[in-house]
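Bear in mind the structure is a predicted one, so any value in this text is a computation, not a measurement.
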Amino acid sequence: MAATIHPSAIVDEGAQLGDGTRVWHFVHVCSGARVGQRCSLGQNVFVGNDVVIGDNVKIQNNVSVYDAVILEDDVFCGPSMVFTNVHNPRSAVTRKDEYRRTLVQRGATLGANCTIVCGSTVGAYAFVGAGAVVTKDVKPFALMAGVPARQIGWMSRHGERLALPLEGQGEATCPHTGDRYRLDGDQLSLI
């Protein structure tokens with residue numbers, strides 16, 4: 001099934017859209033962008049040239065995915081969340097050759113109005129709360145909140161908070177799926 005593109009959207013020649021992807025009102029996808037299968041690009045989304053978006057990614061309204069951003073499969077970008085690509089922008093200074101790459105790994109959630117400062121990696125299945133400002137790498141499964149964002153807990157792949165300390169030893173079970181997790185030091189893994 002081909003991509004569905006709303007008549008008000010602009011998809012530049014050369015952009016790649018996977019099967020089943022839906023492009024909604026007033027979206028602009030630049031020519032070099034690669035968007036996977038079964039994605040949803042909500043109203044007023046912008047996707048730059050040097051962007052790779054995996055399969056089943058949901059990008060809610062008013063999100064700009066700028067150059068040097070990679071979103072792996074199953075990433076969720078909440079309404080009006082923000083990516084950056086220049087660490088120290090100035091209008092009078094051209095810094096396009098200084099873009100810092102941002103990687104959002106599989107299954108991560110970026111809450112509404114959060115900001116991901118460029119050069120960061122958001123680990124697999126991490127959960128960045130609404131309004132948080134990520135200024136450094138985020139561990140897989142970490143629950144992040146605040147300005148600047150700090151880890152306040154752990155999340156399962158299903159998006160359920162796990163009853164574990166931030167560090168130490170322990171095990172927890174996702175109450176929804178029954179998946180088991182092990183905390184070893186400051187790293188969480190699926191058993």
Side-chain angles (χ1 to χ4, degrees), residues 1-85 99 101-116 118 120-132 134 138-144 155-161 174-179 181 189-190:
M1 167 171 81
T4 303
I5 302 169
H6 189 272
S8 66
I10 299 169
V11 178
D12 292 343
E13 185 175 340
Q16 298 175 25
L17 300 176
D19 289 345
T21 288
R22 296 178 298 166
V23 178
W24 294 104
H25 306 73
F26 313 115
V27 170
H28 182 189
V29 181
C30 293
S31 62
R34 294 182 305 183
V35 180
Q37 299 178 15
R38 301 174 315 283
C39 294
S40 177
L41 306 182
Q43 180 175 308
N44 200 36
V45 165
F46 170 80
V47 181
N49 279 303
D50 182 18
V51 170
V52 177
I53 297 173
D55 295 336
N56 198 43
V57 172
K58 307 293 187 279
I59 303 175
Q60 300 298 299
N61 297 353
N62 305 312
V63 175
S64 292
V65 186
Y66 294 120
D67 285 350
V69 173
I70 298 171
L71 306 177
E72 292 185 351
D73 295 349
D74 303 319
V75 166
F76 178 88
C77 297
S80 301
M81 63 80 47
V82 175
F83 290 104
T84 68
N85 59 10
Y99 287 169
R101 295 220 162 260
T102 297
L103 172 62
V104 182
Q105 294 179 333
R106 181 185 189 104
T109 291
L110 308 176
N113 290 306
C114 75
T115 298
I116 309 299
C118 60
S120 301
T121 295
V122 177
Y125 304 102
F127 197 105
V128 177
V134 171
V138 174
K139 297 173 196 164
F141 303 106
L143 172 59
M144 306 293 288
M155 298 291 274
S156 73
R157 289 191 306 178
H158 192 74
E160 300 286 340
R161 191 162 182 179
C174 175
H176 188 81
T177 65
D179 289 344
Y181 296 84
S189 59
L190 190 61

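- Between His158 and Ser156, the side chains place no donor N or O within less than 3.5 Å of an acceptor N or O (distance only, hydrogens not considered).
- Considering OG of Ser80 and CG of Asn61, their distance stands at 7.5 Å, rounded to 0.5 Å.
- Taking both residues in full, the closest heavy atoms of Phe83 and Ser64 are given as CD1-O, 3.6 Å, listed atom of the first, atom of the second, then distance.
- Here the CZ-NZ distance, from Phe76 to Lys58, works out to 9.5 Å after rounding to the nearest 0.5 Å.
- Here the shortest heavy-atom pairing between Trp24 and Gln43 reads CB-N, 4.0 Å.
- Side-chain contact between Tyr181 and Ser189 is absent, with no heavy atoms from C-beta onward closer than 4.5 Å.
- Atom CG of Asp67 is separated from atom CZ of Arg101 by 8.5 Å, given to the nearest 0.5 angstrom.
- Here the closest heavy-atom approach between residue Asp55 and residue Gln37 is recorded as OD1-N, 2.8 Å.
- Atom CG of Asp12 sits about 7.5 Å away from atom CG of Asn49, to the nearest 0.5 Å.
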Please evaluate residues Leu17 and Val23 with respect to the criterion side chain to side chain contact (heavy atoms under 4.5 Å, CB included), reporting the C-alpha separation (whole Å), side-chain torsions for both, the decisive distance (0.1 Å), and the verdict. CA-CA 9 Å; Leu17 300 176; Val23 178; 4.0 Å; yes
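- Nearest heavy atoms, Ala108 versus Gly123: CB-O, 3.7 Å.
- Counting only distance, with no hydrogens or angles, the side chain of Glu72 and the backbone of Gln105 share no donor-acceptor pair below 3.5 Å.
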For this session: I would like to know whether Leu190 and Arg157 meet side chain to side chain contact (heavy atoms under 4.5 Å, CB included); could you show each step before the answer?
Result: CA-CA 9 Å; Leu190 190 61; Arg157 289 191 306 178; 3.5 Å; yes
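- Counting all heavy atoms, side chain and backbone alike, Gly48 lies closest to Ala33 at O-CB, 3.3 Å.
- Counting heavy atoms from C-beta on, the side chains of Arg161 and Leu143 come closer than 4.5 Å.
- Of the possible donor and acceptor atoms, none in the side chain of Ser31 sits under 3.5 Å from a partner among the backbone N and O of Gly14.
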Please lay out, stage by stage, how Asn56 and Asp74 fare under the test side-chain hydrogen bond (donor to acceptor under 3.5 Å, both in side chains). CA-CA 5 Å; Asn56 198 43; Asp74 303 319; 2.9 Å; yes
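- Here the closest heavy-atom approach between residue Ala132 and residue Met144 is recorded as CB-O, 4.4 Å.
- Side-chain contact between Ile59 and Ile53 is present, with heavy atoms from C-beta onward closer than 4.5 Å.
- The distance from the CZ atom of Arg22 to the OG1 atom of Thr4 is 8.0 Å, given to the nearest 0.5 Å.
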Requested in this report: Could you go through the side chain to side chain contact (heavy atoms under 4.5 Å, CB included) check for Val29 and Leu41 one step at a time?
Outcome: CA-CA 9 Å; Val29 181; Leu41 306 182; 3.8 Å; yes
Using side chain to side chain contact (heavy atoms under 4.5 Å, CB included), reason through Leu110 and Ile116 one step at a time and then give a plain yes or no. CA-CA 9 Å; Leu110 308 176; Ile116 309 299; 3.9 Å; yes
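- Looking only at side-chain heavy atoms (C-beta outward), Phe46 and Tyr66 come within less than 4.5 Å of each other.
- Atom CD of Glu160 and atom NE2 of His176 lie 7.0 Å apart (nearest 0.5 Å).
- Asp19 and Arg38 are not joined by a salt bridge, as no carboxylate oxygen comes within less than 4.0 angstrom of a charged side-chain nitrogen.
- Asn44 and Asn62 form a side-chain donor-acceptor contact under 3.5 Å, judged by distance and modelled atom types alone.
- The aromatic rings of Phe141 and Tyr125 lie parallel to each other, with less than 30° between the two planes, well short of the 60° mark.
- No side-chain donor-acceptor contact under 3.5 Å links Thr115 to the backbone of Val82.
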